[in-house]
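Counting starts at 1 for both ligands and their atoms, following the listed order.
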Amino acid sequence: MSDNSNTLKNYINNSSYIVAFTGAGVSADSGIPTYRGADGVWQKYDPSKFTSIDYFYKDPSYYWNFFKDVRYPGLKQAQPNPAHYALAELEGKGPLKSVITQNIDGLHRLAGSSNVLELHGNTRRIVCLKCSEKYTMDEAFELLQNQIPPKCPVCQGLLKPDVVLFGESLPLEVLNEAQEEARRCDLFLSIGSSLVVQPAASLPDMAKDSHSKLVIINKEPTSSDFKADLVIHGSASETLRKALYLGD
Ligand code: NAD
């Protein structure tokens with residue numbers, strides 16, 4: 001094992017309250033593109049439009065066409081990768097207490113993680129903005145075949161993915177819980193996040209200020225690297241697989 005993998009393995013083995021904080025990079029090996037970073041390429045749809053609440057209200061059909069062409073087919077075929085499974089296994093063994101994720105793809109739960117704090121919601125859930133009725137993404141996809149944007153079958157209200165778009169506030173309860181976890185842990189693993197989206201990106205600082213060890217695993221450098229006890233520039237799945245399974 002490399003020195004970095006050894007150090008990560010030692011940190012994990014010597015910690016009793018580990019919190020993982022994940023971003024889009026953790027799902028890149030499942031075939032879901034990131035927004036930022038070298039592989040974050042979106043050709044047909046502009047992320048500044050399909051991630052914006054202002055644009056959603058201005059032209060909801062833009063999001064729903066993106067959902068039909070890109071998001072839905074992408075999520076239908078995406079499977080958890082070794083990084084998701086490694087975190088689920090670490091929870092099962094005991095030391096990992098929670099996964100705080102910025103991702104909206106639901107892959108941590110599919111891999112078997114149970115204590116998942118979804119800061120930005122889950123794109124597999126669809127909600128009616130008028131009567132709050134919830135739908136699955138399969139139901140929304142069915143509705144899309146008849147009209148775009150799809151309307152709520154109960155009240156004809158506008159349907160929206162149950163996610164936090166740019167311009168919306170994070171769910172306060174989930175954010176508070178995530179902050180508590182960051183203050184409580186003795187090892188904070190930031191995995192696959194560019195650490196630029198606030199307030200989520202301040203969680204590593206919070207952990208560090210509360211005397212936790214901080215490990216950053218990301219393909220590219222982040223502006224928080226200098227604060228970390230260990231920085232690994234590499235693939236999330238490869239790094240976690242090595243640190244958790246090799247040398248046992
Ligand atoms: P980001 O797109 O800003 O950054 C992703 C980072 O992951 C980049 O710095 C990149 O270098 C790194 N990366 C790429 N492939 C990697 C790999 N295999 N292993 C390790 N690192 C890798 O992502 P963010 O920080 O999560 O913030 C963007 C926002 O976009 C979040 O709010 C999130 O909700 C949303 N988003 C979610 C998904 C998803 O649910 N899978 C996908 C794209 C964007």
Side-chain angles (χ1 to χ4, degrees), residues 4-5 8 20-43 45-53 56 63 66-67 70-87 99-111 113 116-125 137 161-171 174-175 178 189-205 215-225 228 230-243:
N4 277 344
S5 301
L8 178 56
F21 171 66
T22 65
V26 95
S27 293
D29 287 343
S30 297
I32 301 180
T34 59
Y35 292 163
R36 299 176 187 79
D39 300 326
V41 189
W42 296 88
Q43 287 170 345
Y45 291 95
D46 176 357
S48 71
K49 291 183 178 164
F50 67 72
T51 62
S52 151
I53 189 65
F56 184 81
Y63 175 84
F66 159 74
F67 177 89
V70 179
R71 175 137 294 161
Y72 181 80
L75 282 179
K76 281 305 268 187
Q77 72 175 39
Q79 293 298 322
N81 66 51
H84 299 105
Y85 287 120
L87 294 175
V99 175
I100 304 168
T101 189
Q102 297 178 93
N103 293 345
I104 54 178
D105 56 33
L107 290 179
H108 285 298
R109 286 186 206 279
L110 273 185
S113 288
V116 184
L117 301 173
E118 292 174 321
L119 288 172
H120 296 163
N122 190 323
T123 197
R124 292 172 192 265
R125 271 192 320 260
M137 66 171 185
D162 200 2
V163 298
V164 178
L165 295 174
F166 284 106
E168 292 187 290
S169 308
L170 269 64
V174 183
L175 180 61
L189 306 173
S190 175
I191 309 167
S193 175
S194 58
L195 295 177
V196 299
V197 179
Q198 289 292 355
S202 61
L203 291 169
D205 289 347
V215 174
I216 296 180
I217 301 164
N218 200 53
K219 264 206 173 150
E220 289 152 287
T222 76
S223 58
S224 297
D225 285 1
L230 175 66
V231 176
I232 301 179
H233 291 148
S235 135
S237 49
E238 190 62 10
T239 304
L240 289 178
R241 196 182 57 74
K242 271 191 201 152

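The minimum heavy-atom distance between I191 and A236, with the atom names listed, is CG2-CB, 3.6 Å. Contact record, A78 with I32: CB-CD1, 3.9 Å, taken as the closest heavy-atom pair. Closest non-hydrogen pair, G106 versus R124, comes out as CA-NE, 4.0 Å.
Using the six-membered ring where Trp is involved, F50 and F66 have ring planes that are parallel, under 30° apart on the 30 and 60° scheme.
Inter-residue side-chain proximity for P221 and H233 is flagged as met; some heavy-atom pair is nearer than 4.5 Å. The shortest distance between side-chain heavy atoms of S190 and N218 does not fall below 4.5 Å. The shortest side-chain heavy-atom distance between F67 and P73 does not fall under the 4.5 Å cut-off. E118 has its side chain out of reach of Q102: every pair of non-hydrogen atoms, C-beta onward, lies at least 4.5 Å apart.
Residue-ligand proximity, D29 to ligand 1, at heavy-atom distances under 4.0 Å covers atoms 18 (N). Less than 4.0 angstrom separates some heavy atom of G23 from each of these atoms of ligand 1: 26 (O). Close approach of ligand 1 to E220 is summarised as follows: ligand atoms under 4.0 Å from at least one heavy atom of the residue are 8 (C), 9 (O), 10 (C), 11 (O). Residue D105 approaches ligand 1 through these ligand atoms, each under 4.0 Å from one of its heavy atoms: 39 (C), 40 (O), 41 (N). Interface atoms of ligand 1 facing A24, defined by a heavy-atom separation under 4.0 Å, are 2 (O), 23 (O), 24 (P), 26 (O), 38 (C), 42 (C), 43 (C), 44 (C). Atoms of ligand 1 lying under 4.0 Å from any heavy atom of S193, numbered from 1 in the order shown and given with element: 25 (O).
Between the E168 side chain and the L165 main chain, a donor and an acceptor come within less than 3.5 Å of each other.
Proximity of K219 to ligand 1, defined as any heavy-atom pair under 4.0 Å, is shared by backbone and side chain alike. Contact annotation for I32 and ligand 1: only side-chain heavy atoms (C-beta onward) come within less than 4.0 Å of the ligand. Residue-level proximity to ligand 1 for S27 is carried by the side chain, the only part with a heavy atom below 4.0 angstrom. When non-hydrogen atoms are compared, ligand 1 lies under 4.0 Å from the side chain of A28 (C-beta onward) but not from its backbone. When heavy-atom distances to ligand 1 are checked against a 4.0 Å cut-off, T22 has no atom that comes that close, whether in backbone or side chain.
When only interatomic distances are considered, the shortest N/O to N/O separation between V197 and ligand 1 does not fall below 3.5 Å. For a threshold of 3.5 Å applied to N or O pairs, the pair formed by S235 and ligand 1 contains no separation below that value. Of the polar atoms of F166, none of the N or O atoms is found under 3.5 Å from an N or O of ligand 1, judged by distance alone.
Of the candidates T22, T101, N81, D105, D105 is the only one forming a side chain to side chain donor-acceptor pair (under 3.5 Å) with S27.
Note on ligand 1: G234 sits in its first shell, one or more heavy atoms being nearer than 4.0 Å. Ligand 1 is never approached by V196 to a heavy-atom distance shorter than 4.0 Å.
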